[in-house]
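Heads up: the structure comes next, in structure tokens.
Order of the sequence lines sets the chain letters (A, B, ...), proteins ahead of strands, with each chain counted from 1. Reckoned from all heavy atoms, side chains included, excluding hydrogens, waters and symmetry mates.
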There are 2 protein chains.
Amino acid sequence: MYDLYYWPFIPGRGEYVRLVLEAAEAPYRDVARLDPAQGGGPDAMLAMIKDAAPHRPLAPPFLVADDVTLSQTAVIVAWLGERHGLAPDLEADRLFARAIAMTTADFVDETHDTHHPLGVDRYYEEQTEAAAARAKSFREARMPKFLGWYEALLAANSAGDTALVSNRLSYADLGLFQSILGLRYAFPRRMASLMPSHPRIAALCERVAAHPNVKAYLDSPRRLAFNEDGIFRHYPELDGD
Amino acid sequence: MYDLYYWPFIPGRGEYVRLVLEAAEAPYRDVARLDPAQGGGPDAMLAMIKDAAPHRPLAPPFLVADDVTLSQTAVIVAWLGERHGLAPDLEADRLFARAIAMTTADFVDETHDTHHPLGVDRYYEEQTEAAAARAKSFREARMPKFLGWYEALLAANSAGDTALVSNRLSYADLGLFQSILGLRYAFPRRMASLMPSHPRIAALCERVAAHPNVKAYLDSPRRLAFNEDGIFRHYPELDGD
């Protein structure tokens, strides 16, 4: 049994962990979404950050498993994936999957900064002008760079283009899937113009969505919808072809 | 023998890898700093990014070791540290060291964004106003948050405050050391006001600097100076008490 800790109202970075747990059918409690009477809620999460010393996380998400406290999304998903058959077998492939997960985390950070380029300590509404400039750079330079890289990985995979590494679905694929869904939500116009030239990514996402455990999860109330408090926010003024 | 690939003119993210190699006395070639006649130079690095398929990096730094291509700073330093005795022994501690390295990578990214809040596709001089706002947020909210976290880890370490994890010098400590040097270079006024309340970090940095292999490296021509093309840039207008 795992205890996942993440903000209860947004998919955010916690969703990357949740997807691996769900795809693996690993039993877990989503602690901050539980009732405070059951020891849940955001306050229980914030208390844990301090109680977890000396392995305290800087920020959610974090995962508690028996005697281990794991933090940083890319560390958590790699550890879970390698434990639950959602990682490649070969060591060189495993190391590359870790690099992919970390690159996906960077992509998430850059997506976040499109609406908060001046800092997280003030609202989006206080930085709309800078956000427009950062979002333009993101749409025109960064989205093609990251998406082109994932597409090239699929094209170069000697085991076929059904997974980013080896021929087995891994946490790296699940992470790309979640990012693509988030980008389609946040930047529908830009994604409509970009995705036709990234057919392998699109096909991978369809396969992930059809995975029985993933499909069951996406249809369940456990899946949180994207919204404008999260990382992937749909502000039409930041989108463009 | 390792081949390290990174931009030759800045310490940047490559320096986090170089420090682990040097502290471990691991033999390596710094490929992009070699003469093109020896197969070196930035062009050799950029060619490698494409040749490394299917394990191609998105960006430098990356490290080639026999049949493995490693990318993403936090993945590289963890792998090197665990191979060369610069990592904790216990599995829970190893996983936490990985999370620290990834958090340090996030801190580096945020430092970078103080001078490029609107995007990497335009010069600092074209985004000075936004940079002033982002740097203020970084100085007042983010620097205390990150530094306070490292200091708390040292205080909470049951093996003593001589290392971030366990009682052994690790790549996590080397990363903090490099970041503190970079921040002292980029934000001397802010660091002068912050560091007195973070005495454990200061003491750790002194111990790392006195480590024989590290000291020999810092005194060598292999060590690149911080400069205004790198991540840690000294723009006095972005600094403040």
Over all atoms of both residues, closest heavy-atom pair of A156(A) and P54(B): O-CB, 3.5 Å

Do any pairs count as a side chain to side chain donor-acceptor pair (under 3.5 Å) and have a residue in residues 83-92 of chain A, sequence neighbours left out, and if so which ones? Y2(A)-R83(A), Y2(A)-H84(A), D89(A)-R168(A)

Identify the two heavy atoms, one from M102(B) and one from A74(A), that lie closest to each other, and give their separation to 0.1 Å. SD-CB, 3.4 Å

For L70(B), is it the side chain, the backbone, both, or neither that has a heavy atom closer than 4.5 Å to a heavy atom of chain A? side chain

Best-contacting candidate, A78(A), S71(A), A59(A), against chain B by heavy atom pairs under 4.5 angstrom: S71(A)

Just wondering, are more than 12 heavy atoms of other shown residues or ligands nearer than 6.0 Å to CH2 in W79(A)? yes

Among D93(A), L164(A), I100(A), T114(A), who wins on heavy-atom pairs under 4.5 Å with chain B? D93(A)

Name, in order of residue number, those residues of residues 234-241 of chain B that have a heavy atom at a distance of less than 4.5 Å from a heavy atom in chain A; otherwise write 'none'. none

Under 4.5 Å from any heavy atom of chain A - which part of D67(B): backbone

Test side-chain contact (heavy atoms from CB on, under 4.5 Å) on L58(B) and K145(A) and set out the steps. CA-CA 8 Å; L58(B) 179 75; K145(A) 182 179 174 80; 4.1 Å; yes

Tell me, side chain or backbone of D109(B) under 4.5 Å from chain A's heavy atoms, or both, or neither? side chain

Y28(A): partners by ring-ring contact (aromatic ring centres under 6.0 Å, His included), with sequence neighbours left out: none

What residues of residues 128-137 of chain A sit under 4.5 Å from chain B when only non-hydrogen atoms are counted? A130(A), A133(A), R134(A), S137(A)

Heavy-atom contact with chain B under 4.5 Å, split by part of N157(A): backbone

Checked G119(A), S158(A), G148(A), A159(A) vs chain B; the most non-hydrogen pairs under 4.5 Å come from G119(A)

Highest number of heavy-atom pairs under 4.5 Å with chain A: which of T73(B), T69(B), T103(B), V120(B)? T103(B)

Among the listed options D106(A), L154(A), V165(A), the residue most often paired with chain B at heavy-atom distances under 4.5 Å: D106(A)

Can you give me the closest heavy-atom contact between L95(A) and V75(B), atom names plus distance? O-CG1, 4.1 Å

Any donor-acceptor N/O pair, W149(B) side chain to R56(A) backbone, under 3.5 Å: yes

What I'd like to find out is whether the side chain of D121(B) reaches to under 4.5 Å of the side chain of E140(A), using heavy atoms alone. no

